Every structure is written in C-alpha cells, then in structure tokens.
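Each remark here refers to the structure printed beneath this line.
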Amino acid sequence: MIEWLVVWGATEAVGILVKPILEDLVKDGAKDFAKDFFKDSLKNVLFGEKDPRQVAAGKALKKFLGLVEQQLKFCRLPPEEIKLYIKDGKQFINNKSVKEILGKAFESDRESLDAKILEQTWSQLNLTSLPPKFKWQTIADQYLVEVQEILFDSKDLRDILEAQNLDSIQKNTQETAGIIPDFDLRQYQESLCERYSNLNLSSVDPNTYDYREKLKVWQIFIFQDVRSIYESFLPQAYEIPKEHQRRLQDSNQLDAIDLENLEKYRRGYFSQPIVSVLDVINDKQKYPYIVILGDPGSGKSTLLQYLALTWAISPLNSVTSQPIPLLIELRTYIRSGESGHCKNFLEFFHQSPGSICHLNQHQLQEQLKAGEAVVMFDGLDEIFDPGKREDVITAIHRFTNEYPGVRVIVTSRIIGYKPQRLQDAGFHHFILQDLNAEQIQDFVRRWHELTFTDAGEKARISERMKRALAYSSTIRDLAGNPLLLTIMAILNRGQELPRDRAELYNQASRVLLYQWDVERSLVEDSRLDPKTIDAKDKQEMLRRVAYKMQAAPEGLAGNIISAEDLENTLTAYLKNKDFDRPKERARLIINQLRTRNFILCFLGADTYGFVHRTFLEYFCASEVVYRFEKTQKLSLEKLKIEIFDTHWDDESWQEVLCLIAGLIAGKFTGKLIEFLIEQDGEAKNFSNLFLAAKCLDEVRERKEIATVEGQLLERLKELTKYDLNYYYKPHEQEAHLVAKIRTQAVSAIAFTWKDGAETLPWLKQLVQSDDDLPVRRAAVEEIARGWKDDPETLPLLKQLAQSDDDWLVRQTAVQEIARGWKDDPETLPLLKQCAQSDDNSFVIAQPP
C-alpha cells in the first residue's frame, strides 16, 4: 500500500481529503480502479504488471481531490468542516460516471469536461451540501491542465494514447463521407495564396482603384518591433485611472500586480529591449511558444498571414523540407466546433467547411509528431464567450504537450487579455510596438511606388503625406497603427492632410465601425423591431458618449465612461430617434461592445473607453460643433467661455480645440483666435498664443480674418524677443524657460505661415542677425525642414556649417545637412572637411 502512495505522491504534504481517500482506494485495489478509470479511454489495451495507467490514475485522482479541497478552502471552510467531506469524497470518486469523466480527461481530443455531470452526481448521491460559492467548472478546467502535465511526464502513457489516437484517426478517415482528403501541399499553397495574398482593403476603401488588385501582402508588409511584457504588466490596461484598476483586479479581470508599485512595473516594461518581431520568430530555441499582443489594426493577423504566404509562394521542392504553416482563425474554428464539424484542431483541417484547404489528418498528425509545423492561432480575443476562450487556451496548452516539437504562435488584442494561463504553459509574451518613423517612411515609399504609375503624381502625393506626418503629432501618432496608416494613405490621394484630418478621423471611425453589427443583435431579439441603426446613428451616439466623458472627473484625459452613463446616453439618443424599447436596445448595443473591441471597447469592471484617444478627441469636437451649428445649444459666447476659456491651458484638450477651429466657419474661428489672444497667458508660458496659431492653421480662407491673423503674427514675433523683467543667470531654469518660449514662437510662425511670402526671408534674417543663439538655431532648423526644396537652402546651410562664428549654429547646420541631404554626393566630403577643420569637437560629436 505504501508503495502506491509513494508513486502517486500521496505521502508528501497533502491536504485533509487526499491521503485518507487514497489510502482506502489502495486497500480496495488500485489496479482495478485504474482499469475502471480508463475503461472508455483505452478500451482495447491489455493491462500488464507495470502499466503506466495505474500510476497516472492515482496521480490524477490526487490532483482532483486537491482541487476539491482547494475549492472548499476558497469557500472559507475551516479544517474541521473540510474533514466532514472525507466519507462523501470516497463515495463520490467510486461512482461510475465520475470515473468516466475523470478518465476522459486523458483523451487526445478532449477540450473540456462536463462539470454539470459532476455537480448532478454529487446531488444525486445525496451527499453533504457544498457551499454556495463552490465551483465545479473551475475544478474541471484546472483538472484538464493537471492531466496534461501528468501525460507530459509519462512517455509510456503518451505512446499508448498516441497509438490509439492514430487508430481513431484512421477509422474516422475511413468513415468520413465523400472523398478522403489528400495531404496535397501544392493545393494548400494555392489556397493560402488565394485567401491571404491580396491586401484586403474592401472595408477600408469603398472606391474602386486599379491598385487594389495589384497590392500583395508581401509587397507592403513591414516587420514591426516588439517588446516583452514585464511580470504580466500590460501598459494599455494600466493607463486608465487608478481606482478603476483596483475595480478590475477586485473583479478578477486584471492579473494582480501591486498598484502601489505601478511605476516600478511601468519602468520594468519600458526597460525591456525593443527587438524586431522577425528576430523573435526566427529564434525557435529560445521562444518555442509565443503570444503576440496588439491593439486593433496593429498588424497581428497580417503578420501570421505573411509568415504563411512566405512558405506558400516558395517552390514546392524547397518547402517540403520546411515546417508547414497551419493558420487557424479561432473565430472560424469555434464556429466549426459549435456546428459539429470538428472536435479538435486536426479535424478542423481534415473536414471543417471553415478550413481553406482540407489536409488528411492522419498525415498531418505525423507531421506534427515530427515537429515539422508552425501552428498559428489567430484572434484569441475574438472568442467572445469567456468559458469557450478558456477552453481554447486549455486546448492550446494541451496541444503543446502533445506535440512539443511544434512551434506555436498565438495572437490577441491587449484589452481584456490575461497572460497568466499561457505564461504558466511556457509561452513568451510580446507586445507589438507602433511603427517607428523609419518604418512609416518605408511604408509611404512602398505604397506610392506600388499604387501610382505617373512619376510626377507619385512624387506630389507622396510628399504631401510626408508633410502631413511632419506637421501633425496627432497624425504621426495615428500613423503608428498599420490599419490607420493605410486609411491615411488612401485618403491622402484626394485630400490635403493634415488640414483635412477631421475627415481622416471620420473615415477611420467608419472603418472601425464597419463590423459593429448592431442589427444582428436586434434581429436576434424578437421583441425588438429591427429598425436599422446606420453609420450616421453610430457616429452620432459616439459623439454624445465623447461629450459625456468630458464631464467626468478625469475629463478627456481619463478616456473612461461607466456602463450606467453609457447606457443612459445611448438610451436618450434612441428614445429621441423614436426607436422602440430604447433601453433594451441600448443594453444590446453595450453587450455587443463588451464582445467586440472596435472603436469603443470594454475596459472591464463595467466601464468603457475609446480604443484610440484620437477618436475620443474627434467625436468630442464633432459634438461641440454639432451643438454650435445644428442645434445651437452652444452660442459663440458659450463656445468661448464653456469650451475655450475652460480648456485652453489643458494639454489633453489642445487637439479637440484645434479640430473645432477647423470644423466651424472661418469667421467664427477668427473670433475664437481673438479671444485667445486677449488672454493673459504668461503664467502658462503663452500656451494661449501657441494654441491660437494652431487654430489659425486650420482656417482655409484667412482673408476674412486678416486683421486677427496680423495681430497674432505680431504677438508671436514679440515672443521671439521675450525676456523676464529681472536678472537671472545663464544656464539656469529661467534661462531655459526663456529659450523655450522664444524658439517655440519661431516654430509656430514657420509652421502657421509656411506659405507666406515673408516667412522665409524673416527666418533668414533671424539666422544672420538675431542676438539670441537658441533663436538662430531654431531658425536654421525650420529653414532646413520647411524649405528643403528651395534652391538657396542647401548653400545657406553649407555656409553656416563652415564659417558661422557660433559653434552651436555650425553644429545645427551640419546636423540638418546630414539629416536632409544624406544622399547628396557633396554631403560626405563636407562632413569630413568639418570634422577635420572645425576647432570645436561638439560640431561633429552630436548626432543629427
């Protein structure tokens, strides 16, 4: 008896229930118990004297009883009350249906256990009532994972199960109706190309352009960078207010970290090196199992498609020796399982209608056993039912145990993802980083090379997009997202950015709302009239939501709204539009938002926010303009006082105010600019004047506000001479503040009046004769970047680099030449000459 208890690990420190129940089991005959335990799982295998199933059954039972006891402890039962369940536990595990369920966990295609049968059996046996919080489903889920670890440790048992599994596969193959699929790699290559090779722009670009058929994924795809997550820290989840983070943790919707040390975790994450995702994918030894996380539109699915296509477009004779890429879109897999077409991943490829090409599962099994495959599970977040998502995670974990030599890659959105389960299964987690400046420029170059045939038009449109990216920090921020960058490139064909960026946000929001299928939810609820909620309705609802969010304690900076406020806002809109049962409709919409993270996403703990804060800013600005122009709830005076006066010195409102200025008529924007000029902004470093310059740049026709424009220009020019009215030492805080205000004024004039005939001569005058060194340096930078194509710019920079009296100006000129004219044949000789002849080492030492 002792020997079996040692083998099962029951002589170690175990719980109150485990040891006495297992001791009785050994007395009654461990061998017979194991035979019953595996009766349905391994029907045709004879027991020997050293059968591994006897060991596995005891270990599994120990794990199961431990999980039961863990649940009782979770229900806060003291030890003396837990002991009362020993007798019931013995009776329970000897029940035939319980043995069958526990044994079925060893089946290769088992993805879940029926916790309901366990619960019903306990009740039918009239055993002691369990506490209300006792969860059989939690036990069943965790028990499946424990069984996989037992299988992983027992090679003999794995061999037996795999042999029987092959027999099952062969039988299933023979019984499958119709033609039995071959393992045709050529056909699979063609299917991958047909499904994934064309860049899918159908929901992005409603117009018909010739380029849509020409663009291939491998032509435009860019490998992004990734950063490893740090101790389960997901930055996006912790950008929300602190109290909300606590609610998420309390409701078990966020992996626990010490919120008091949040900054330490944030620093830890950002200290992780940024590496190419290609380097991670190529290092199979270090990263056999990986999870790629990213925001909507960040390129997760395209990455997997590119990896599959790289194999698919290669010559067949070269790919036969390479791992076969198996791409599984999990939303399709779940749908196939629900309709009864497959029970596991092998059957999905063998016979599911959702598979792009059927592959014989017997041969696929051999491929997986040999480790000759890369299996990619795309869109874990698109399994909206939490229970089913947990089942799939368990299935993926079990898959890695069954085929340890196979590379596995999983993708998911960040919002709502909890890394702990797959981290425990050996998965390394990485977060896709936004495209950097060099990657964005590479995309812009490739896009225009591929989509334009006329050289002149190509250069003009491409340069227009580069200017937009250089000018607007908000547009640069959006461009880091591949989907939004693509929308931007399409929109740039016919519109001026960034002046038309409100239209960019409008088009991008329409794309993200494309799959916000409200009608489907309404049709499924037979009580509601399926009156169409169209794109206009969706956008108007989001405008109201954004406007409501500005009144929250955190305002726009918080990007958060409670479920109650969201429901009330949607209900009020639907009621006003005469939709029947508006409250029920609002709840259906919110329920869909809870499962579909598109433009407005569920943050957990009954709160919501915009996926990207740019859309919060855009919809807030749109609602302000709607109330000003359409409903006239906001007069011009209220717009000044309630919106501009309240928020002009709030950084989180800067873009909203600029968008408002661009969306209303120019004459009204002029009044707002005049109002900003009148404010005393010295205490706020004159942010009123710099905001006024940004607002002016939004106005298309400035002639009708020429007087205000002139006033603003003079005030900004005065700021280039700004100084404090008391003595301060150079290189101290006051000196830095003065320099910042002066140089910011130079930049504001260069950007806002870039098309003015007097701007370039004025900047040149600053370079040549201004007394302030930071102002001269700022003017050099603005000329180099804003007037690069002017024939006098490069000669001026060369002159300054070689002969200016001030080393800081020489340094700036050298940097700008190296940055903007690196391909010019005269640049390298000039840099060498400066390096050899300049008497100040800082001129060359500082990077451009």
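Just so it is clear, the model here is predicted, and its values are computed rather than measured.
- The minimum heavy-atom distance between Ala621 and Leu659, with the atom names listed, is CB-CB, 3.7 Å.
- No donor-acceptor pair closer than 3.5 Å links the side chain of Gln654 to the backbone N or O of Glu651.
- Once rounded to the nearest 0.5 Å, the distance linking CD1 of Ile440 with CG of Asp434 reads 8.0 Å.
- Between Cys620 and Met549, every side-chain heavy-atom pair lies at or beyond the 4.5 Å cut-off.
- Shown here are the salt bridge (Lys or Arg N to Asp or Glu O under 4.0 Å) partners of Glu463, two or more places apart in sequence or in another chain: there are none.
- Side chain to side chain, Ser298 and Arg413 fail the donor-acceptor criterion of an N or O pair below 3.5 Å.
- Within the 4.5 Å cutoff, side-chain heavy atoms of Gln441 are placed close to those of Leu469.
- Counting heavy atoms from C-beta on, the side chains of Leu326 and Leu359 come closer than 4.5 Å.
- Taking the six-membered ring wherever Trp is involved, the centroid distance between the rings of Tyr196 and Trp218 does not fall below 6.0 Å.
- Looking at Gln439, Glu438, Gln433 one by one, the single match for side-chain contact (heavy atoms from CB on, under 4.5 Å) with Leu435 turns out to be Gln439.
- Ser276 and Asp225 are not linked by any side-chain donor-acceptor pair at a separation below 3.5 angstrom, with hydrogens and angles left out of the test.
- A salt bridge between Arg335 and Glu382 is absent, with no side-chain N of the basic residue lying under 4.0 Å from a carboxylate O of the acidic one.
- Looking at Leu307 and Ile409, their side chains come closer than 4.5 Å, going by heavy atoms from C-beta outward.
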Stepwise side-chain hydrogen bond (donor to acceptor under 3.5 Å, both in side chains) test for Tyr618 and Glu655: CA-CA 8 Å; Tyr618 164 69; Glu655 178 67 6; over 6 Å; no
Derivation and outcome, side chain to side chain contact (heavy atoms under 4.5 Å, CB included), residues Thr486 and Phe443: CA-CA 9 Å; Thr486 304; Phe443 174 89; 3.8 Å; yes
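- A donor-acceptor pair under 3.5 Å links the side-chain atoms of Ser314 to the main chain of Thr310, judged by distance alone.
- From Met488, atom CE reaches atom CE of Met465 across 5.5 Å, with rounding to the nearest 0.5 Å.
- Atom CG of Asp378 and atom CD of Gln305 lie 7.0 Å apart (nearest 0.5 Å).
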Ile560/Tyr608 under side chain to side chain contact (heavy atoms under 4.5 Å, CB included): CA gap, chis, key distance, verdict: CA-CA 6 Å; Ile560 189 169; Tyr608 296 79; over 6 Å; no
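- Gly299 approaches Pro482 most closely through the heavy-atom pair N-CG, 4.4 Å.
- Here the CD atom belonging to Gln219 is positioned 11.5 Å from the CD atom belonging to Glu449, to the nearest 0.5 angstrom.
- Phe183 places none of its side-chain heavy atoms less than 4.5 Å from the side chain of Glu366.
- Taking both residues in full, the closest heavy atoms of Ser336 and Ser352 are given as OG-OG, 2.6 Å, listed atom of the first, atom of the second, then distance.
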Side chain to side chain contact (heavy atoms under 4.5 Å, CB included) assessment of Ile324 paired with Gln367: CA-CA 8 Å; Ile324 179 175; Gln367 196 91 3; 3.8 Å; yes
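- Residue Leu293 forms a side-chain contact (heavy atoms from CB on, under 4.5 Å) with just one option from Ile431, Leu432, Val226, Val410, and that option is Ile431.
- Within the 4.5 Å cutoff, the side chain of Ile290 has heavy atoms near those of the Arg407 side chain.
- Here the OG-CD distance, from Ser197 to Glu190, works out to 11.5 Å after rounding to the nearest 0.5 Å.
- Contact between Ala479 and Leu485 at its shortest, heavy atoms only, is O-CB, 3.5 Å.
- A distance of 4.5 Å separates CG of Leu330 from CD1 of Ile383, quoted to the nearest 0.5 Å.
- Aromatic ring centres of Phe221 and Tyr306: separated by under 6.0 Å.
- Scanning both residues, Ser191 and Cys357, for their nearest heavy atoms gives OG-CB, 3.5 Å.
- With 3.5 Å as the limit, one finds a donor-acceptor pair spanning the side chains of Asn506 and Gln539.
- In this model, no donor atom of one side chain and acceptor atom of the other lie less than 3.5 Å apart for Tyr505 and Glu617.
- Shown are Val291, Ile393, Thr411; of these, the side-chain contact (heavy atoms from CB on, under 4.5 Å) with Leu380 is made only by Ile393.
- For Tyr287, the ring pair (Phe, Tyr, Trp, His ring centres under 6.0 Å) partners two or more places apart in sequence, or in a different chain, are His428, Phe430.
- Relative ring orientation between Phe345 and Phe399 is described as perpendicular, the plane-to-plane angle rising above 60° on a 0-90° scale split at 30° and 60°.
- The closest donor-acceptor contact from the side chain of Arg464 to the backbone of Asn492 lies under 3.5 Å.
- Nearest heavy-atom pair, Lys284 versus Gly371, reported as atom, atom and distance to 0.1 Å: NZ-O, 4.0 Å.
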CA sep, side-chain torsions, deciding dist, call: Asp442, Arg445, salt bridge (Lys or Arg N to Asp or Glu O under 4.0 Å): CA-CA 5 Å; Asp442 185 23; Arg445 178 188 58 79; 2.7 Å; yes
Salt bridge (Lys or Arg N to Asp or Glu O under 4.0 Å) evaluation trace for Glu390 with Arg421: CA-CA 9 Å; Glu390 288 298 306; Arg421 284 282 310 276; 2.5 Å; yes
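- Ile229 has its side chain within reach of Gln423: a pair of non-hydrogen atoms, C-beta onward, lies under 4.5 Å apart.
- A donor-acceptor contact shorter than 3.5 Å links the side chain of Gln189 to the backbone of Ala312.
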Worked check of side chain to side chain contact (heavy atoms under 4.5 Å, CB included) between His397 and Thr400: CA-CA 5 Å; His397 186 185; Thr400 61; 3.9 Å; yes
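- Ile396 places a side-chain heavy atom less than 4.5 Å from the side chain of Phe427.
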